[in-house]
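Comments concern the structure below.
Quick caveat: nothing in here was measured; it's all calculated off a predicted structure. First listed ligand is number 1; within each ligand, the first listed atom is number 1.
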Amino acid sequence: MFPPRDMPSPSSLFSAYASMAASMMLVRSMANELIPHPIRGYIVSTLRFYFKAHSPKLTLVIEENNGMSRNQVYDAAEIYLCTKISPNTERLKICKSPKEKNLTIRLEKGEKIVDTYEGVELRWRYVCAESEKNNPNDPYPPRSEKRYFELTFHKVHKEKILNSYVPFFLEKAKAIKDEERVLKMYTLNTSHCYNGVKWESINLEHPATFETLAMEPDLKYAVIEDLNRFLRRKEFYKRVGRAWKRGYLLYGPPGTGKSSLVAAMANHLKFDVYDLQLANILRDSDLRKLLLATGNRSILVIEDIDCSVEIPDRRHGDGRKQHDAQLAQLTLSGLLNFIDGLWSSCGDERIIVFTTNHKDRLDPALLRPGRMDMHIHMSYCTTHGFKQLASTYLGIRGHHQLFGEIEGLLETAQVTPAQVAEELMKGEHADIALQELTKLLKRKNLEADEGEADADAAEKNTGIRDAKRQKLENKPRKSLRNIRGRGNRRRR
Ligand SMILES: Nc1ncnc2c1ncn2[C@@H]1O[C@H](COP(=O)(O)OP(=O)(O)OP(=O)(O)O)[C@@H](O)[C@H]1O
Ligand SMILES: [Mg+2]
């Protein structure tokens with residue numbers, strides 16, 4: 001039997017294949033000879049690209065590290081995806097350090113999450129792979145893992161995902177992080193005698209909030225609004241070329257809630273607090289180091305600015321100034337320059353708070369417009385303040401039969417919210433606590449009358465006109481470190 005006429009014979013097929021293979025080899029070896037290696041690679045990858053079957057999906061790879069620094073998108077994805085855990089998720093990681101309040105939940109490797117954003121389906125996968133950087137010649141290579149997320153979606157949504165979904169989950173993760181954030185309170189540790197002073201932190205668990213703070217409502221809302229506006233205006237500060245910082249001066253008698261207000265600010269903003277005890281800092285260089293070591297999103301507090309350090313007063317003549325400067329290397333001008341200059345060039349979302357019992361004793365340099373953005377007067381207890389405290393301490397939201405009398409007495413009695421709070425804590429029953437407060441207010445009014453009589457006598461005898469005021473306002477100095485969470489203090 002002969003093969004049909006139009007079919008090639010096996011021998012002719014074989015010889016055609018052999019000649020084609022030979023010419024292919026010739027072309028290949030000529031290409032290898034003539035075309036440089038990098039260009040060959042490029043041609044091969046281009047051809048591969050055009051002949052490969054095209055997938056309608058796009059995958060974004062979000063690696064843990066970006067060179068030496070962390071990849072912010074990775075961290076945000078890690079936090080955000082924990083809110084998307086579904087019943088199908090099979091493995092999760094949990095952990096908690098002693099300082100944290102809540103459990104941290106994270107995806108385990110290989111886990112997948114499906115999310116939807118404005119109708120677009122997004123598939124997440126968490127991948128942990130052995131790092132390729134391991135040295136193959138090293139018999140005991142250090143175990144290093146490369147961790148990344150893969151985010152896959154249909155290509156047509158590329159713009160939406162990059163411009164809208166990614167910023168959305170970055171923002172969401174920031175909000176979750178703020179919520180979970182354990183606030184820190186930094187104080188100075190002076191035991192490092194060779195290296196100067198250092199910050200030491202503890203968790204800030206001060207219970208004060210704007211809700212519990214006894215303050216005139218208008219002033220309270222003005223402070224809250226000022227803080228919120230400050231947070232919102234990052235772009236504004238950038239545009240006008242100002243450092244993103246805000247300064248508050250809190251002044252008023254002891255026990256009126258200045259430190260409590262700082263804690264309420266910290267709790268409201270979720271900012272850490274740095275308590276700078278100037279008396280422990282001897283040199284400008286130490287101050288510079290400490291200020292540089294403070295973090296963003298923080299409140300720097302300098303309590304009792306009028307007496308916490310022997311700061312040379314600019315109002316004195318030059319001779320006196322020089323003498324004082326020798327006594328204390330730390331100068332007020334040094335302090336103000338750091339605050340103005342240093343934070344202008346580095347640092348975001350910084351708040352500085354000065355507190356004082358005596359605004360009139362402050363250097364005018366601190367008071368001039370623009371130095372402190374807001375001056376907040378913390379006053380003796382008013383009827384509003386009292387009602388707030390009665391609500392916080394006794395749970396009385398409406399009226400009580402003793403309120404009328406107490407409000408009348410408060411018009412003349414000068415008591416601090418701290419003193420009122422202490423009375424309100426005395427009795428377990430609201431009636432008893434309020435009676436105790438009434439007694440205190442009556443006593444205070446009596447003392448004030450006696451003080452007035454004494455002052456009149458003093459005025460007559462010695463001509464000291466402000467004896468009455470001094471009697472009411474003066475009080476012995478005390479420790480400055482009073483912002484940490486602690487109960488009410490006994491006030492004299
Ligand atoms: N305005 C207030 N609202 C609610 N509680 C207050 C207020 N003022 C004082 N207290 C209570 O009194 C305690 C002492 O107040 P705080 O330390 O805030 O006063 P201060 O003005 O900082 O005093 P000092 O000038 O002595 O530092 C607080 O822990 C708080 O319980
Ligand atoms: Mg205080």
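- For Leu389, the heavy-atom gap to ligand 1 drops under 4.0 angstrom.
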Next on the checklist: Quick one, Tyr251 with Ile376, criterion side chain to side chain contact (heavy atoms under 4.5 Å, CB included). Give me CA distance, side-chain angles, the key distance, then yes/no.
Outcome noted: CA-CA 6 Å; Tyr251 65 98; Ile376 302 169; 5.9 Å; no
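- Atom CG of Leu103 sits in a crowded spot, with more than 12 heavy atoms from other residues, nucleotides or ligands closer than 6.0 Å.
- When only interatomic distances are considered, the shortest N/O to N/O separation between Ala421 and ligand 1 does not fall below 3.5 Å.
- Atoms of ligand 1 lying under 4.0 Å from at least one heavy atom of Lys258, given by number and element, are 18 (O), 19 (O), 20 (P), 21 (O), 22 (O), 23 (O), 24 (P), 25 (O).
- Of the listed options Pro207, Ala263, Pro417, Ser379, Pro417 places a heavy atom closest to atom 7 (C) of ligand 1.
- Heavy atoms of other residues, nucleotides or ligands lying less than 6.0 angstrom from CZ of Arg91 number 12 at most.
- In summary, the atoms of ligand 1 found under 4.0 Å from a heavy atom of Asn357, numbered by their order in the structure, are 25 (O).
- Every residue two or more places apart in sequence or in another chain was checked for a side chain to side chain contact (heavy atoms under 4.5 Å, CB included) with Glu171, and none qualifies.
- Inclusion of Ala214 in the set of residues having an N or O under 3.5 Å from an N or O of ligand 1 is warranted.
- Residue-ligand proximity, Leu213 to ligand 1, at heavy-atom distances under 4.0 Å covers atoms 3 (N).
- Between Phe169 and Trp124, the gap from one ring centroid to the other is short of 6.0 Å.
- Ligand 1 lies within reach of Tyr393, whose nearest heavy atom is under 4.0 Å from it.
- Ring centroids of Tyr74 and Tyr148 are separated by 6.0 Å or more, keeping the two rings apart.
- Within ligand 1, counting atoms from 1 as listed, the ones closer than 4.0 Å to a heavy atom of Pro254 are 23 (O), 24 (P), 25 (O), 26 (O).
- The distance from ligand 1 to the heavy atoms of Thr212 drops below 4.0 Å at these ligand atoms: 4 (C).
- Checked against a 3.5 angstrom limit, the closest N/O atoms of Ser259 and ligand 1 fall inside it.
- Here's the thing with Gly252: none of its N/O atoms is less than 3.5 angstrom from an N/O atom of ligand 1.
- Checked by atom type, the side-chain pair Glu216/Thr382 shows a donor-acceptor distance below 3.5 Å.
- With 2.8 Å as the limit, Thr355 does not count as an N, O or S neighbour of the Mg ion (ligand 2).
- Checking side-chain atoms of Asn267 against main-chain N and O of Ala208 turns up a donor-acceptor pair under 3.5 Å.
- At a 3.5 angstrom cut-off on N or O pairs, Asp304 does not count as close to ligand 1.
- Residue pairs satisfying the salt bridge (Lys or Arg N to Asp or Glu O under 4.0 Å) criterion with at least one member in residues 252-261, sequence neighbours excluded, are absent.
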Next on the checklist: With side chain to side chain donor-acceptor pair (under 3.5 Å) as the criterion, how do Gln388 and Ser391 come out once you've worked through the C-alpha distance, each side chain's angles and the decisive distance to 0.1 Å?
Outcome noted: CA-CA 5 Å; Gln388 173 65 63; Ser391 150; 4.5 Å; no
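- Short contacts between ligand 1 and Ser260, defined as distances under 4.0 Å to a heavy atom of the residue, involve ligand atoms 15 (O), 16 (P), 18 (O), 28 (C), 30 (C).
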